[in-house]
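Below is one structure, written out as structure tokens; the observations come after it.
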Amino acid sequence: MSLTLALLLAGQTATVSTPPVAPQAPAGTQADPQANGRLGNQQQGGGGDIVVTARRRAETIQTVPIAMSVIGGTALAETGAYNVSRLTQLQPTLQFYSTNPRNSAANIRGLGAPFGLTNDGIEQGVGIYVDQVYYSRIASATFDFTDTERIEVLRGPQGTLYGKNTTAGAINITTRKPSFTPEARIELTTGNYQFIQAKASVSGPLIPDKLAIRLSAAITERDGTIHNVATGKDLNAQDNKSVRGQLYWKPTDTLDLALSGDYGQQNPNCCVQYYARTGATQRPLNRQYAALAAAQGYVVPSTNAFDRVTDVDTPLRAKQELGGVSLLGNLDLGASTITSVSAWRFWNWDPSNDRDFIGLPITTVSANPSQQTQYSQELRIASNGKHTLDYVLGAFYFYQTIDTQGLQVQGPAASRFLLNPGASVAPGASGCATATTAACNPAALNGLTSRNTIGFTNTSAALFGKLTWNVSDRFQIAPGLRLNYDKKKGDYVSVVTNGTGTALTADQRGVLAPQSYQPDFDNWNLSGDITAAYTVTSDIHAYATYARSYKSGGINLSGLPLDGSNNPILSAATVKPEKVNHFELGLKTQFLDRRVTLNLAGFWTEISDYQATVTNGQLGVLRGYLANAGKVRTRGLEFDSAFRPTDRFSFYANGAYTDAKYVKFVDAPCPPELSSGTTTTAGQTPSAPGTAGGISPQNCDISGQRLPGVSKWAFSYGAEYDLPATLGGLDGQVYLGYDGSYRSTFSSNPSRSAYTDINGYALSNFRLGFKAKDSWNVFGWLRNAFDEKYYEVLALQSGSTGLVVGQPGDPRTYGLTVSRSF
């Protein structure tokens, strides 16, 4: 859609040092002095426009015919939006869900990644770029933003402008660049839950007008908000550290090079989901959670998740390291500029999870350490200035390797939870059909171990380009094309042992089955888009876009369903590309001397061969795996607005109505209400029994249901008022700000269930502070001011027991931030 115009500080006069590699504003405009600090477009008497590079050229945002938002670095600090997860409170159309860094998904308008599915063999539909470098791992979004100048959020397919194909949108992060004028900045924050955050940066010349350097660092620590009564530790803590260094070299007036390196580490006691509620399934009562827990004398510490206590018995760890080196070069040829972006990056993941979510030893070890490296090279040529024909042409190459070592170990409580006792035992009873029934024998599954060795290589190459035909001063047509090649190869080996040296029993194979396969996928595709844009007046711009896009196919790297001989069904090893048809209309307007901005967009997107978790009974077994589900459709309306009635007061409101649903999905995993009973053929009534010891999911027809993870209604809104003041001899402003957000009910399960719907909620944040020009900014903040109790994610315990676990959002937090620019 348009620009998110938010948190406009009335009367703010902070200036932005001009970075040596910053794009120059187009002729006739000036770079907005607020662009580095506030969200949106701060107009001072109609004077300036925010300059962005979303289309790989410097343009004012109101004239860019793309649905997009821009957020400045100061706004990120003052709103507490220091990573993508917190950014969602300011961006109604952006969704980010994470149960741990690896199991994270960023979606725009409900699209981007299958909800609740982690599979290295497929790609994200939302691309993350930092200083033009593509980050292939969505885990990078869980790190804190370091020394950020601005963030552009682009909505809709962007494959003809960006190196890596992005069918749902892109998050384009630009860091502050080295400066030939000495400067420094430090920011310190403290708050409850022992929250400490420190950020610092310094920049200046090494050789005047030729070589400049910038160094920055950030650290965030906070105690956990969930207490583990079994260990005495607080969980879901934060422990982030990152450093970044940049060298900028301008040997001539036409050539500049920027060498960047960064390293980040997280090592918190994280991440836990725990008891939220239970719901009835199709299993016999003796196989549902209440009876299973009672049979072992187990009681959770609290059935109210917002007591924030748990007793999980497996150590939790979410350690990750991420870093890399990049070289960005620009060569000005006069009529055009050649840009080269070379990068190498790595990501190391070392986790430990409690996958049964309670204090019983069901799954005692669940860990999938992973190591990734990526190499990318992008080369572009773009015309300079504005002509009858403007263009951007590019080539992109990407190579990625991932090595994963999975480990899962079952404990003595696994037998009762995962095997059938064979008798209708009432809740609280402990009997089995016979005294030798495996479900009542802890040794049946205790020590059952699966070791998975997974290798993956991903090669992608593309030619892309966009031509802009300026038919007149008011009308332009911009077609784009992309030729893309993808090749993915994998190697999956799962070795299962029972610790006794004997052959696996049928019960043991029903829980963890050994398998080995080598999936291979490659594909060429041609995609494109066309945009028509019309300037009605200097302050009213309209556009219409059609895009035909593809999301790369993939391979299954989480195991395949097995046939009757316990061999993997190889036909399920690969996944076809998604085919996207996207339509959009947009209107960007400003009026009342540009004190009011109102931007509107409507979109309609259809995806065939949607990638999701399916349960295909036609294969002969019922097991969830990655495949092409059928067709989905998302459509909606979005608006962004801001009003600055006086130089002291401003407010904003942004909203999105999103109607996202499965058009056809006949092989979906059933919701818990229908789990482990029978399959359904009409989305309502079961019709066939389950398999694999009764623990496999069934398939349901959920055509017509809403997509998970996306609210039908979402809003962000806020205001700020300031007054001139002098404090300690410094002239500045005292300001009071409010930021709020609302999301309506959304589903937290691929198949919608009354048990996993997350109720709508509203969050309110306040800040009160004093800001002096070009120096001090001191403010107190209160986030989730009314202590709203809400869930970020709800999930299901494996085995269709009916246990629903949750991850509550942060409680009320408060603190103080002090920053100083030099």
Side-chain angles (χ1 to χ4, degrees), residues 1-9 12 14 16 19 22-26 29-44 47-79 81-84 86-94 106 108 126-132 145 147-156 158 161-162 166 169-177 541 543 586 588-590 594 597-601 638-642 644 650 652-656 716 718 739:
M1 183 174 74
S2 57
L3 131 94
T4 296
L5 297 152
L7 300 176
L8 303 174
L9 273 184
Q12 179 187 357
V16 182
Q24 297 300 309
T29 68
Q30 65 182 42
D32 181 9
Q34 310 296 337
N36 193 46
R38 306 313 313 157
L39 285 79
N41 194 0
Q42 168 73 17
Q43 303 299 339
Q44 297 192 2
D49 292 303
I50 292 178
V51 177
V52 297
T53 55
R55 293 200 299 176
R56 301 310 197 191
R57 62 175 67 248
E59 301 172 287
T60 58
I61 190 168
Q62 285 296 101
T63 64
V64 176
I66 294 177
M68 65 176 299
S69 309
V70 61
I71 305 170
T74 301
L76 296 172
E78 293 185 1
T79 61
Y82 53 83
N83 57 34
V84 171
R86 291 174 175 263
L87 193 63
T88 59
Q89 294 184 28
L90 304 173
Q91 298 288 296
T93 57
L94 175 65
I108 291 176
V126 175
I128 294 181
Y129 295 84
V130 180
D131 293 336
Q132 304 190 43
F145 301 134
D147 211 11
T148 302
E149 178 182 298
R150 70 179 185 274
I151 296 177
E152 300 168 4
V153 180
L154 286 70
R155 305 193 278 277
Q158 306 297 328
L161 285 169
Y162 284 73
T166 55
I171 300 173
N172 191 20
I173 301 171
T174 301
T175 66
R176 294 184 178 97
K177 299 301 184 289
H541 307 272
Y543 67 90
K588 298 186 175 185
T589 71
Q590 293 177 302
R594 295 190 176 182
T597 301
L598 175 62
N599 295 330
L600 307 171
E638 302 164 340
F639 75 90
D640 293 315
S641 65
R644 187 180 181 84
S650 61
Y652 69 94
N654 312 304
S716 64
D739 306 293

Exercise: do S716 and Q89 side chains pair donor with acceptor under 3.5 Å: no
Short side-chain to backbone donor-acceptor contact, Q158 and G156, under 3.5 Å: yes
A656 versus T93, closest heavy-atom pair with distance: CB-CG2, 3.5 Å
S69-R155 side chain donor-acceptor pair, cut-off 3.5 Å: yes
From CG (N172) to CD1 (I128), nearest 0.5 Å: 11.0 Å
Side-chain heavy-atom pair L76, I71 within 4.5 angstrom cut-off: yes
Qualifying residues under side chain to side chain contact (heavy atoms under 4.5 Å, CB included), relative to T88, sequence neighbours excluded: L94, F96, R743
Any donor-acceptor N or O pair under 3.5 Å, side chains D131, T175: yes
Euclidean distance, T63 OG1 relative to Y543 OH, rounded to 0.5 Å: 12.0 Å
Side-chain donor-acceptor contact under 3.5 Å, N599 with E638: no
Heavy-atom closest contact (F639 atom, A653 atom, distance): CE1-O, 3.3 Å
T174 side chain reached by T148 side chain, heavy atoms, under 4.5 Å: no
Heavy-atom donor-acceptor pair, K177 side chain to E149 backbone, under 3.5 Å: no
Pairwise distance CG(L90) to CG(N654) - rounded to 0.5 angstrom: 9.0 Å
Sub-4.5 Å side-chain heavy-atom contact between L154 and Y162: yes
S641 backbone acceptor or donor facing T597 side chain under 3.5 Å: no
I173 CD1 to F145 CZ distance, which is reported to the nearest 0.5 Å: 5.0 Å
K588 (side chain) donor-acceptor with I66 (main chain) under 3.5 angstrom: yes
